[in-house]
Protein chains: 2
Amino acid sequence: MTGAGIDTALLESLAGQGLTVRRPASPLTEDLLARELRGAVAYLHGGEERATARVLRKAKTLKVVAFLGVGYENFVDVAAADRLGIAVTNTPGAATDAVATFTVTQIVNANLGIPRHLGERVPGWQGSDELPHELAARRVGIIGMGANGRRIAEILRRGFGVRVSYYSRTRRPDAERDLGISYLPLLDLAAGSDILVVMVPETGETRSMIDSSVISRMPEGAILVNTARPAIVSPGALYAGLEKGRVSMAVFDGFYGQECEEAGELRRDFPDRLLVTGHIASHTAEAMHRMVRQAVKSIENVLTYGSDEHEVGTRPRPRF
Amino acid sequence: MTGAGIDTALLESLAGQGLTVRRPASPLTEDLLARELRGAVAYLHGGEERATARVLRKAKTLKVVAFLGVGYENFVDVAAADRLGIAVTNTPGAATDAVATFTVTQIVNANLGIPRHLGERVPGWQGSDELPHELAARRVGIIGMGANGRRIAEILRRGFGVRVSYYSRTRRPDAERDLGISYLPLLDLAAGSDILVVMVPETGETRSMIDSSVISRMPEGAILVNTARPAIVSPGALYAGLEKGRVSMAVFDGFYGQECEEAGELRRDFPDRLLVTGHIASHTAEAMHRMVRQAVKSIENVLTYGSDEHEVGTRPRPRF
């Protein structure tokens, strides 16, 4: 298993079944990961490494990859796993409360400009020109209405009484009815939201989904909150949006990597208008506990019964 | 009128009645304030100065003090105003949404340890020992169940699904029933709350109400959130609570003044465990707008009809 921050007591049931748990140090290159998986029957993916087709082909004894979290697409080549008969599971729902609470936290922080206000007001401070707007007076648009998006909408509607609209590949009449939210096509949602929240998994389809066509429709001074993976927002389009004032503040949980040329430019030119945390939205004790417990259960199910309810692939037949 | 951050357009209706609006620079000493009030018929209190008995006695023409906000007790000597027949009004409800949203924002910030996490995770960061708890897994206690306390409870219950208890001088069966919250005596509330929220006005009765008897009952590592006035929490008791680990983090909106000896010691010894903003909870454009509009209306009512529905004193007879 990979990744830090996992309570080893949760892995005891695996040891009880005669399995040995190895925890390699991160970060893992493709070669290092392939070496670590030699002889492994199960792989609990809790880190940032990529289980590519090449890695999986070399893992001759592997039966299951249990991904810790929901958005596995960027980390596990499920098509390759399917071809090899390796089960891939994820942990839907386990971190929904944590991610939604974190996202709402950053929405209210960005909306109030809290980071600017930490530390006492300087004497003579004149607030008149920069009074923030009340959250209840803001229109919030949510892109993605899976479990996380829905829980975010629920907190905003039921708790704060905010007007919420959403865009999703699939319309969600149940959420519309239960929460009193309305569906809008993506570009209309961008145009009608003071705060635009991105909550979709990273896939080939969603990468750079928030591009200049979306950002250029945002109303002057809007806030972009992306607590999903960074790559869903095009860094070049974000740069232009910040420069032109469409985006007054951008929130990220995890930021573009060193390989992204615009990442440094964004940090250099807009240090006060980026609110960045280190991919910690799901990092609560309770969410981590639920995720690991669920992943361990999935591993046990695949090893014992050959399959698990949380498999995400479409492998034609179990391995062996 | 005093204080910054007020949209002057809202004062136009006063000018329309033949009144002249003066805006003295702050801060105002007792003597400066007395001089500014010479000849004034109305005084919109939007600053931090104190309208003492001495100041009010000198203001021979004054008919109304309109306090911008709710907790006037520390700023206007209402007993003296009553004796002089001067009306004192406040603006209940105008900032409730702003104050409650701000307070919940700081609750989630403190609970997640957000300030520590702003900026990207350093490589190799091991989160295991310091994973925050989910808000929904925390017991929140609210001291004070006026309009603000009630709205905080509502957001926490309906939005985040948190267990909420409260203490209030007067029990609130309607809030208990509507929101599903439970009443506890103050010391029991302190003992049973992971997050203790202070939301009472500052009065002679509430000053240092959160003393060592309260703080010493708090469970190890609890969070104290005081978005009411600082003096409600005894600074010495807070110091001891932080030192002994009862309090892991203390949130203030506005902090003790220079005259408070412990203020410097708190800042020096616990810089990372104080989350302080500059008395900005009610500072949203919408709340300020509503407060000023309400205060202007109160001034007009007293000047025209001799009284207003938002008077807080018990003056036996209108002046003149």
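Every chain is numbered from 1, with letters handed out A, B, ... down the list of sequences. None of these values were measured; they are calculated from a predicted model.
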Task: Side-chain touch A:V104/B:V108, heavy atoms, less than 4.5 angstrom - done: no
Open item on the list: Keeping A:E286 on the side-chain end and B:E134 on the backbone end, is there a donor-acceptor pair under 3.5 Å?
Closed with: yes
Task: Shortest non-hydrogen contact between A:G161 and B:R151, atoms and distance - done: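 The pair with the smallest heavy-atom distance is N-NH2, 4.5 Å.
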Just verifying a value: how many Å separate [X] [atom1] and [Y] [atom2], rounded to the nearest 0.5 Å?
X      : Y      : atom1 : atom2 : value
B:H289 : A:L131 : NE2   : CG    : 12.0 Å
A:R158 : B:F160 : CZ    : CZ    : 13.5 Å
A:Q106 : B:N109 : CD    : CG    : 7.0 Å

Task: When B:N111, B:D97, B:T284 are compared by non-hydrogen pairs under 4.5 Å with chain A, the top option - done: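 Option with the top pair count is B:T284.
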At a heavy-atom separation under 4.5 Å, does [X] approach chain A through its side chain, its backbone, both, or neither?
X      : value
B:R157 : neither
B:A136 : side chain
B:F252 : neither

